Colleague: 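Following this message is one structure expressed as structure tokens.
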Amino acid sequence: MNSQNLEAPQSGGRTFTLHFFDGSSRYVPVVDVEEPYPDGRLIVSRTDPGGVITHVNQSFVDMSGYSEAELLGTPHHILRHPDMPPAAFKGLWDTIKAGNRWQGYVKNLRKDGRFYWVYATVIPNLRRGKLIGYTSVRRKPSRLRIKECEALYPTLF
Amino acid sequence: MKHKPFQLTVSPDFAPTSLAGWHIFNTWLQRSLDTRIHLDIYQDFASQRQAIRNDAIDLIFANPYDASMLIREKGFHCLARPGGRSDEVVIAVRGDHPASTVEGLEAGMRLASTDDPDVHMMGMIMLEPANINADNIERRICSSYVLVAKELLSVQSEVGLFLAEAFYELSKITRRQLRPLVQSQIQVVHHALMVGPRMQHLTETLLQRLQEMPQTPRGQGVLDSLGYKTWEAVEEEDVEFMIDLMDTLVG
């Protein structure tokens, strides 16, 4: 992960070092300001079986703050927010590796350190029985569910 | 010996006015392929799906919701889509409704939609931010988008789900009395022309003829009658991607 490409956090931000399952780690600046999810959009991405991004749509680019070129070839955990409990992602990977659909509420980290909430669905992509990757589609979540997650997720660390 | 005519059908979510265009298309198609094709129109999705299950369809302009079943269960191949067009959804209320955004809607309301499966599904997804779901609304199914609009204007329903294209085809007088709360910008969900097993040998020729349509006055006239500019070839992976995407939205 190339942390020097990240913009400096805005004043009042926090900083974290995230450690990922693949052994990599990343310094991330976090600003506690929410980017509202735009109405009517779906954020779509695809990854290879290892979780490396192979496709993003324009809504993904717009919400993440990264360019398409920065995203393609990068592990999907580039969006990982330190407020998300690692157990949530373990559950995600265990589910999709078993060939099942995973759904959940996720707080994502933007390039500028701000965050946005999504309701995400991830499914395995099978072609003639062979796994070629995963598709993830995020939609606008309800505030009620976000509030529940804001209360629950800190208890899962 | 003459073969039994192939069967063409189109998704039942099209307004009766646009069916004339499909009859013209079918006449052009038979001449272009030098073969007999019968256009069958089904009144609703249930009867069309039954015909698909009975292997009674050879060529279909299909709703994206049915693409998975057609390809994975019935051996269809996706051939082409109308250039630059995708299925988008408008959620609208009557002009004097107090809600200014989706979040302003409340559970327990009456919702009008057609039996168009992809529009209903995408519309319900856009209502999720308001904690509205199938269990806390009263759904009223209409046989056309004009009737969805009438439901709103007569206050029989509080919110309506429209195929965006159909919403903007409503009369100006009707549209002026309605207010869109949100329009989807999904871009990758679209209808597509799909070829069944009995017509697979004509796939290459058919795609070529479709793509050549804008190059001849006759072909251009047929495109005009359908309201399309071009037909774009759809790669297998493109349609698999759309099916995967639909899978993430269903359930």
Side-chain angles (χ1 to χ4, degrees), chain A residues 34 36-49 54-63 92 95-96 99-106 116-149, chain B residues 64 68 71-72 75 86-92 99-107 118-119 121-133 136 161-162 164 167 179-190 235-251:
Chain A
E34 181 169 7
Y37 193 110
D39 285 323
R41 301 271 197 106
L42 293 180
I43 297 173
V44 181
S45 60
R46 283 188 286 178
T47 70
D48 67 15
T54 57
H55 167 90
V56 291
N57 73 349
Q58 189 57 45
S59 296
F60 190 117
V61 172
D62 294 344
M63 284 301 280
L92 184 162
T95 303
I96 60 177
N100 299 315
R101 158 204 309 258
W102 180 90
Q103 289 190 305
Y105 294 88
V106 179
Y116 58 100
W117 279 96
V118 299
Y119 180 51
T121 304
V122 188
I123 61 164
N125 305 139
L126 301 171
R127 303 288 183 267
R128 296 175 183 85
K130 187 183 170 207
L131 177 75
I132 63 153
Y134 300 99
T135 294
S136 177
V137 178
R138 291 74 142 195
R139 51 219 222 204
K140 187 173 185 176
S142 91
R143 294 311 304 182
L144 187 66
R145 297 283 169 265
I146 292 172
K147 278 192 177 153
E148 289 169 1
C149 293
Chain B
S68 175
I71 289 175
R72 293 182 180 163
S86 56
D87 291 9
E88 303 292 354
V89 176
V90 166
I91 297 180
S100 58
T101 63
V102 162
E103 281 91 338
L105 298 171
E106 291 180 358
D118 69 328
V119 170
M121 179 186 68
M122 292 193 288
M124 291 305 292
I125 282 169
M126 289 199 294
L127 290 171
E128 287 174 350
N131 299 301
I132 289 167
N133 57 57
N136 61 22
L161 308 183
F162 296 85
F167 182 81
R179 183 158 43 83
L181 293 179
V182 62
Q183 175 169 339
S184 69
Q185 297 175 62
I186 295 171
Q187 294 156 356
V188 291
V189 175
H190 54 79
E235 301 295 327
E236 187 183 346
E237 184 50 34
D238 292 338
V239 76
E240 288 287 352
F241 174 48
M242 186 176 79
I243 290 171
D244 283 336
L245 192 140
M246 298 295 283
D247 281 350
T248 69
L249 302 179
V250 175

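Not measured: the values here are computed from a predicted model. No hydrogens, no waters, no symmetry mates; every other heavy atom, side chains included, goes into these values.
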Colleague: Between B:Asn131, B:Thr101, B:Leu181, who has the most heavy-atom pairs with chain A when the cutoff is under 4.5 Å?
Modeller: B:Asn131
Colleague: Looking at A:Arg101 and B:Asp247, would you say the former's side chain and the latter's main chain have a donor-acceptor pair under 3.5 Å?
Modeller: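 Answer holds: yes.
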Colleague: Could you tell me the separation between the OG atom of A:Ser142 and the CG atom of B:Leu127, rounded to the nearest 0.5 Å?
Modeller: 12.0 Å
Colleague: Tell me, do A:Asp39 and B:Gln185 make a side-chain contact under 4.5 Å, heavy atoms counted?
Modeller: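 When only atoms from C-beta onward are counted, B:Gln185 and A:Asp39 do not touch, as no gap falls below 4.5 Å.
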Colleague: Does some side-chain heavy atom of A:Val44 sit less than 4.5 Å from a side-chain heavy atom of B:Thr248?
Modeller: no
Colleague: For the atom pair CD1 (B:Ile125) and CG (A:Leu42), what is the distance rounded to the nearest 0.5 Å?
Modeller: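 Nearest 0.5 Å value for the CD1-CG distance: 6.5 Å.
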Colleague: Flag the pair B:Glu128 and A:Arg145 as a salt bridge only when some basic side-chain nitrogen lies within less than 4.0 angstrom of an acidic carboxylate oxygen.
Modeller: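 Looking at A:Arg145 together with B:Glu128, the answer is no, because their closest N to O distance does not fall below 4.0 Å.
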Colleague: So, for B:Phe241 and A:Arg127, which heavy atoms are closest and what is the spacing to 0.1 Å?
Modeller: N-NH2, 4.0 Å
Colleague: Which atoms of B:Gln183 are under 4.5 Å from chain A, going by heavy atoms: the side chain, the backbone, both sets, or neither?
Modeller: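 The answer is the backbone of B:Gln183.
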Colleague: Of the non-hydrogen atoms in A:Gly40 and B:Val182, which two are nearest, and what is the gap between them?
Modeller: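 That would be N-CG2, 3.7 Å.
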Colleague: Look at A:Arg128 together with B:Glu236 and state whether they make a salt bridge at an N to O cut-off of under 4.0 Å.
Modeller: yes
Colleague: Does the side-chain contact (heavy atoms from CB on, under 4.5 Å) test come out yes or no for A:Arg139 and B:Leu249, once each step is laid out?
Modeller: CA-CA 9 Å; A:Arg139 51 219 222 204; B:Leu249 302 179; 3.9 Å; yes
Colleague: Between chain A and each of B:Val188, B:Ile186, B:Ile243, count heavy-atom pairs under 4.5 Å; write down the option with the most.
Modeller: B:Ile186
Colleague: Is any side-chain heavy atom of A:Leu126 less than 4.5 Å from a side-chain heavy atom of B:Glu240?
Modeller: no
Colleague: To check you understand the geometry: which heavy-atom pair defines the closest contact between A:Ile123 and B:Asp244, and what is its length?
Modeller: CD1-O, 3.1 Å
Colleague: Given that the side chain runs from C-beta out, which part of B:Glu103 has a heavy atom under 4.5 Å from chain A: side chain, backbone, both or neither?
Modeller: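 Side chain only.
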Colleague: Nearest 0.5 Å please: distance from the CZ atom of A:Arg41 over to the CE atom of B:Met126.
Modeller: 12.5 Å
Colleague: By a 4.5 Å heavy-atom criterion (distance strictly below it), what part of A:Tyr37 contacts chain B: side chain, backbone, both, or neither?
Modeller: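 A:Tyr37 has no heavy atom closer than 4.5 Å to chain B.
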Colleague: Would you say that more than 12 heavy atoms from the other residues, nucleotides or ligands in this model lie under 6.0 Å from the CD of B:Glu106, or not?
Modeller: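 Open.
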Colleague: Go through the atoms of B:Val102 and report whether side chain, backbone, both or neither lie under 4.5 Å from a heavy atom of chain A.
Modeller: neither
Colleague: Heavy-atom distance under 4.5 Å to chain B: side chain of A:Ile146, backbone, both or neither?
Modeller: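 A:Ile146 has no heavy atom closer than 4.5 Å to chain B.
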